[in-house]
Amino acid sequence: MSGLLEELEWRGLITQSSDREALEAHLATPGRTLYVGFDPTADSLHIGHLVPLLVLRRAQQVGLRPIALVGGATGLIGDPSFRDDERSLNSPDVVAGWVQKIRDQLAPFLSFEGDNAAIAVNNLDWTAELDVITYLRDIGKHFSVNAMIQRDSVRSRLEREGQGISYTEFSYMLLQAMDFLELARRYDCTLQVGGSDQWGNIVSGIDLVRRHLSRQVHGVTLPLVTKADGTKFGKTAGGAVWLSAERTSPYAFYQFWLNTADADVVSFLRYFTFLERKEIEALANDVEQNPQARGAQRQLAEEVTRLVHGQESLRSAQRISDALFGGELSALTEADLEQIALDGVPHVVVDEGSGLLAALAQAGLTRSVGEARKLVKSGGVSVNGAVEGDERRELMFAEALFQRFFLARKGKKNWLLISVKK
RNA sequence: GGUGGGGUUCCCGAGUGGUCAAAGGGAUCAGACUGUAAAUCUGACGGCUAAGCCUUCGAAGGUUCAAAUCCUUCCCCCACCA
């Protein structure tokens, strides 16, 4: 009845699930509750978090009650699952700050009103006061170390030469299992969803709930997003692609999706948009027939940017993309250039007569002046639309657009707006 | 606490007195080709206003004309044992 599983199924979003038929039957009853956990490992979520977050939203759309859990406690420990090395701990103050930011970031994706209003929780609420003896007796007693060390998720840490795992991280799965138990108790939550790396932790939770409450609860994992060329999804030159506009501008965000490879775009449409099956099939056909138009990429970029940053930000991202990639730079007006800076293209202010190289380095477009020099020498930089071969190029009013601006470009798509200061 | 192994440039990983800014691979960046794709090929890949100089091989000292390489102490990681 809920249709959640069918929806996830055709989108390719189910990697593993606990007893599928039982789950299907379970979800047939209206009003079920599910949860996804997000650990605060930074002050913002990134696009890797988007898949489970959107699943939570999809679930709410078909009538389930979503719980977004922020790991104020688990974030203090660090999930060892499939990680090669031990994490360094973050201070409680820092993590608490991140918890708040992530809560705020999650909220717009869910509705906190209506019959199946979303719930936001923090697992620190039920772990902060827990004493260690109670924890060991009530939780720890249900876990077999023999079973825990069999988990794939920690195997590399146990077998790999030169690596180990601390008791702290090893305990992570108990904390996550406890979360499921707590949510089952408090909110009758009966389904946990997470990335495929979470399978072990989810199963631990299912077991714990069964032992404590004699109830059958369920788990589903989502695929790890991969790219056809084997490189890591979600990374760009500047690092991860973040959901916060401060870390990744809407323009950069839009460009990220627009640059999706043909081989990946269809699955990304399924994972990251709410477009219906027919629409996605039409776009898939488009990729086949008319790849150079990149219609699917455009649609993907549009949908995801709107979802994360809203209609306004999408417009400005498109406006600036059109301006920079559309045609003649000479067609840009002074107002356009001013807008470009506001819309999120990297921007630096320099004194007249400053060197181009310094400006590139200052803007972070290159890591050092030397790198900028090499780049210019190899023809990788253009200024105001023309390849710049002179490493000594100085930025003078006389040559600036509107006596103020230089539009520099590194490679084909990395723009930098330079303003010359009076 | 004991014994053994180990910490190398973004990552993996070679290097055991000069020929080492340090092999090789990956990642990354640029150029060519394109569609702001992929694949492929080419180049770059510690810093420096680049001839040359400066800083790097866990940390600090030391030996030497010369150290990533040898010695001392310390820190950290791993395995096994207690």
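All chains are named by letter (A, B, ...) in the order of the sequence lines, taking the proteins before the strands, and each is independently numbered beginning at 1.
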Inter-nucleotide [atom1] distance ([N], [M]), Å rounded:
N	M	atom1	value
B:C20	B:A66	C1'	13 Å
B:G17	B:G13	C1'	22 Å
B:C76	B:U16	C1'	22 Å
B:A44	B:G26	P	15 Å
B:U64	B:U28	P	48 Å
B:G58	B:C77	C1'	10 Å
B:A38	B:C48	P	29 Å
B:A68	B:A14	C1'	12 Å

What is the distance, rounded to the nearest whole Å, between atom [atom1] of [X] and atom [atom2] of [N]?
X	N	atom1	atom2	value
A:Arg367	B:U28	CZ	C1'	7 Å
A:Leu365	B:C45	CG	C1'	16 Å
A:Lys377	B:U49	NZ	C1'	10 Å
A:Arg373	B:G47	CZ	P	12 Å
A:Leu357	B:C29	CG	P	20 Å
A:Lys374	B:U49	NZ	C1'	14 Å
A:Glu371	B:C10	CD	C1'	13 Å

Item checked: Any side-chain donor near an acceptor of the partner, A:Gln198 and A:Gln192, under 3.5 Å -> no
Next item on the list: Check the side chains of A:Ser204 and A:Gln176 for a donor-acceptor pair under 3.5 angstrom, ignoring hydrogens and angles.
Entry: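 No, no side-chain donor-acceptor contact under 3.5 Å.
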Checklist line | Presence of salt bridge, A:Glu312 and A:Arg315, under 4.0 angstrom | finding: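 Salt bridge: yes.
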Notebook entry, point to check: Does a side-chain N-to-carboxylate-O contact under 4.0 Å join A:Asp262 and A:Arg294?
Noted result: no
Check: Of A:Arg373, A:Arg393, A:Arg409, which is the lone residue that meets salt bridge (charged side-chain N to carboxylate O under 4.0 Å, His left out) with A:Glu388?
Finding: A:Arg393
Item checked: A:Phe256-A:Phe268 aromatic ring centre distance below 6.0 Å -> no
Next item on the list: Please confirm whether A:Phe272 and A:Trp257 have ring centers closer than 6.0 angstrom.
Entry: yes
Check: Does anything in residues 119-143 of chain A pair up under salt bridge (charged side-chain N to carboxylate O under 4.0 Å, His left out), and if so which pairs, sequence neighbours excluded?
Finding: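 Residue pairs passing salt bridge (charged side-chain N to carboxylate O under 4.0 Å, His left out), neighbours aside: none found.
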Partner nucleotide, any strand, of [N] [Watson-Crick/G-U, under 3.5 Å]:
N	result
B:C80	B:G2
B:C10	B:G26
B:G61	B:C71
B:C41	B:G31

Check: Does A:Ser368 put a side-chain nitrogen or oxygen below 4.0 Å from OP1 or OP2 of B:G47?
Finding: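 Checking B:G47 against A:Ser368, a side-chain N or O does come within under 4.0 Å of OP1 or OP2.
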Check: At under 4.0 Å between heavy atoms, what does A:Val265 touch on the DNA or RNA strands: base, sugar-phosphate, or nothing?
Finding: nothing
Next item on the list: Using a heavy-atom cut-off of under 4.0 Å over every strand shown, decide if A:Gly370 touches base, sugar-phosphate, or nothing.
Entry: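 The answer is base, as A:Gly370 lies within the cut-off (heavy atoms under 4.0 Å) of a base atom.
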Check: When you check every protein heavy atom under 4.0 Å of nucleotides 32-41 of chain B, what one-letter string (B, S, -) results, 5' to 3'?
Finding: S-BBBBSS--
Next item on the list: For A:Lys227 and for A:Gly379, find the nucleotide of RNA chain B with the closest heavy atom, then tell me which residue's nucleotide is more 5'.
Entry: A:Lys227
